[in-house]
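Working notes for the structure below.
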Number of protein chains: 2
Amino acid sequence: MKNTRNTRARTEILNLITSSEEALSHSQIQSSLKDLCDRFTIYRVLDRLTYEGIIHKVVNIDGVIRYAKCHNCDEKHHPDHIHFSCEQCHTVTCLEDVEPQFKLPKKYKVHEVNFTVSGICPSCS
Amino acid sequence: MKNTRNTRARTEILNLITSSEEALSHSQIQSSLKDLCDRFTIYRVLDRLTYEGIIHKVVNIDGVIRYAKCHNCDEKHHPDHIHFSCEQCHTVTCLEDVEPQFKLPKKYKVHEVNFTVSGICPSCS
DNA sequence: ACTACATTTGCAATACTGTTGCATTAATAA
DNA sequence: TTATTAATGCAACAGTATTGCAAATGTAGT
């Protein structure tokens, strides 16, 4: 595995995602960053951060991929937590304490999980 | 609500999805249909079938939207079932009997659910 | 602090994905 | 068979994403 470098783009994008309460899409990140770097770099930084396991992907029912960083993962990691997508304010948030229970037939090998629930969030109802 | 018509495109697309074991993406449907109709029509037919509740959407972690029809929904509908995405053969299948249990904080109103698990399916392992 | 070097970035080119307006076609009901 | 209205096909457009390559930059070693 190759070394990874702390570039300005990487630092800023990670800061943005870490300080955000909600999961951010590529376009949201792009407009926040303005001209710090171009959109190609954003794609590549997000891929790198995901590959390194520092952030995780969330996919909404509309197919928009967003990125988030758990805030309490330092204590205990909840890799399978649910994400909530509000139909009104269009924010996607991690519900890090909600971990669904399910049983797959034995022969399935699970690597990754994507649980998204859409509806109305507390602030909009 | 307006009336819906049984056009050739609609019939063929629904047949395709119904007879398929796996969830199909727009591009998969397009290449199966060849020149039956153009891609714009496919988009619109899929939207209509989804709106009418005849088929349902599945979103993979890569953001690709696929469409599927439950085969045992006539007996009992399982709207919240899990979908499995195989990383090797890239098929997405409905696990209609696997319905996960989860508890959201009271203030969240749930309308829709998207549960996808990726890994290796039985035929690939 | 300087240098070497591999990683990362920026840009160009390209392809895929998805939406909308409008004229035409075709499915349905009478 | 005809009238009506949904559905289609086409054009135009916009957003999303990938890749190759040269230039820039971060990092380790000196």
Side-chain angles (χ1 to χ4, degrees), chain A residues 1-17 23-68 85 87 90 92 114 116 118, chain B residues 1-17 23-68 85 87 90 92 114 116 118:
Chain A
M1 183 180 160
K2 21 180 213 174
N3 289 335
T4 178
R5 294 181 182 180
N6 247 329
T7 61
R8 185 151 170 240
R10 186 191 135 109
T11 308
E12 290 296 318
I13 291 171
L14 186 53
N15 277 346
L16 195 61
I17 294 174
L24 299 174
S25 67
H26 174 271
S27 63
Q28 286 174 306
I29 292 171
Q30 192 179 349
S31 49
S32 288
L33 289 180
K34 311 269 180 189
D35 293 326
L36 180 99
C37 64
D38 65 10
R39 61 199 192 86
F40 314 101
T41 302
I42 299 175
Y43 282 120
R44 285 185 276 217
V45 169
L46 291 174
D47 282 347
R48 238 182 306 149
L49 290 171
T50 305
Y51 177 77
E52 293 167 11
I54 297 172
I55 60 178
H56 64 272
K57 281 190 186 187
V58 194
V59 187
N60 201 354
I61 192 65
D62 57 6
V64 175
I65 299 175
R66 288 161 201 266
Y67 298 87
S85 166
E87 293 163 355
H90 297 105
V92 177
N114 181 60
T116 311
S118 9
Chain B
M1 184 179 158
K2 15 178 216 175
N3 290 333
T4 177
R5 295 179 182 179
N6 245 329
T7 62
R8 182 148 174 243
R10 188 191 133 108
T11 307
E12 290 297 319
I13 292 172
L14 186 53
N15 276 345
L16 195 61
I17 295 174
L24 298 174
S25 66
H26 173 271
S27 64
Q28 286 175 305
I29 293 171
Q30 191 179 350
S31 49
S32 289
L33 290 180
K34 311 271 180 188
D35 292 326
L36 179 99
C37 63
D38 64 10
R39 60 193 193 89
F40 314 102
T41 301
I42 300 176
Y43 282 121
R44 285 185 276 216
V45 169
L46 291 174
D47 282 347
R48 239 182 305 149
L49 291 172
T50 305
Y51 177 76
E52 293 167 10
I54 297 171
I55 60 176
H56 65 271
K57 280 190 187 187
V58 195
V59 187
N60 200 354
I61 194 65
D62 57 7
V64 175
I65 299 175
R66 288 161 200 265
Y67 299 86
S85 165
E87 292 162 357
H90 296 106
V92 177
N114 182 61
T116 310
S118 12

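Naming convention: chains lettered A, B, ... in sequence-line order (proteins, then strands); numbering from 1 in each chain.
In this structure, CD1 in B:Ile65 is found 10.0 Å from CG in B:Leu46, a value given to the nearest 0.5 Å. Atoms CZ and OG, on A:Arg66 and A:Ser27 in that order, are 7.5 Å from each other to the nearest 0.5 Å. Atoms CD1 and CD1, from A:Ile54 and A:Ile13 in turn, are 12.0 Å apart once rounded to the nearest 0.5 Å.
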### Query
After noting the C-alpha distance and the side-chain angles of A:Tyr67 and A:Lys57, does the key distance pass the side-chain contact (heavy atoms from CB on, under 4.5 Å) rule?
CA-CA 5 Å; A:Tyr67 298 87; A:Lys57 281 190 186 187; 3.7 Å; yes
Trace of the side-chain contact (heavy atoms from CB on, under 4.5 Å) decision for B:Val59 with A:Asn114: CA-CA 9 Å; B:Val59 187; A:Asn114 181 60; 5.6 Å; no
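In this structure, CG of B:Leu14 is placed 16 Å from C1' of D:dA7, rounded to the nearest angstrom. A:Arg5 has its CZ atom 9 Å from the C1' atom of D:dA28, to the nearest Å. Between the OH atom of A:Tyr51 and the P atom of C:dT7 there is a distance of 13 Å, rounded to whole Å. One can place CG of B:Leu36 at 18 Å from P of C:dT25, the figure rounded to the nearest angstrom. Atom CG of A:Leu33 and atom P of C:dT9 are 12 Å apart (whole Å). Remark: P of C:dT7 and CD of A:Glu52 are 13 Å apart, rounded to the nearest angstrom. If you measure from atom CD1 of B:Ile29 to atom C1' of C:dG18, you get 14 Å, rounded to the nearest angstrom. Across the protein-nucleic acid pair, A:Asp38 atom CG and D:dG20 atom P stand 17 Å apart, rounded to whole Å.
Mapped onto DNA chain C by nearest heavy atom, B:Gly63 and B:Asn6 fall at different nucleotides, with B:Gly63 at the one closer to the 5' end.
Residues from residues 39-49 of chain A with heavy atoms under 4.0 angstrom of DNA chain C, sorted by number: A:Phe40, A:Thr41, A:Arg44, A:Val45, A:Arg48.
Proximity of B:Thr7 to the phosphate of C:dA26: no side-chain N or O atom is located under 4.0 Å from OP1 or OP2. Using a 4.0 Å cut-off, some side-chain N or O of A:Thr4 falls inside it from OP1 or OP2 of C:dT8.
Applying the salt bridge (charged side-chain N to carboxylate O under 4.0 Å, His left out) rule to pairs touching residues 3-15 of chain A yields A:Arg10-A:Glu52, sequence neighbours excluded.
Side-chain contact annotation: A:Thr41 with A:Asp38, donor-acceptor N/O pair under 3.5 Å present.
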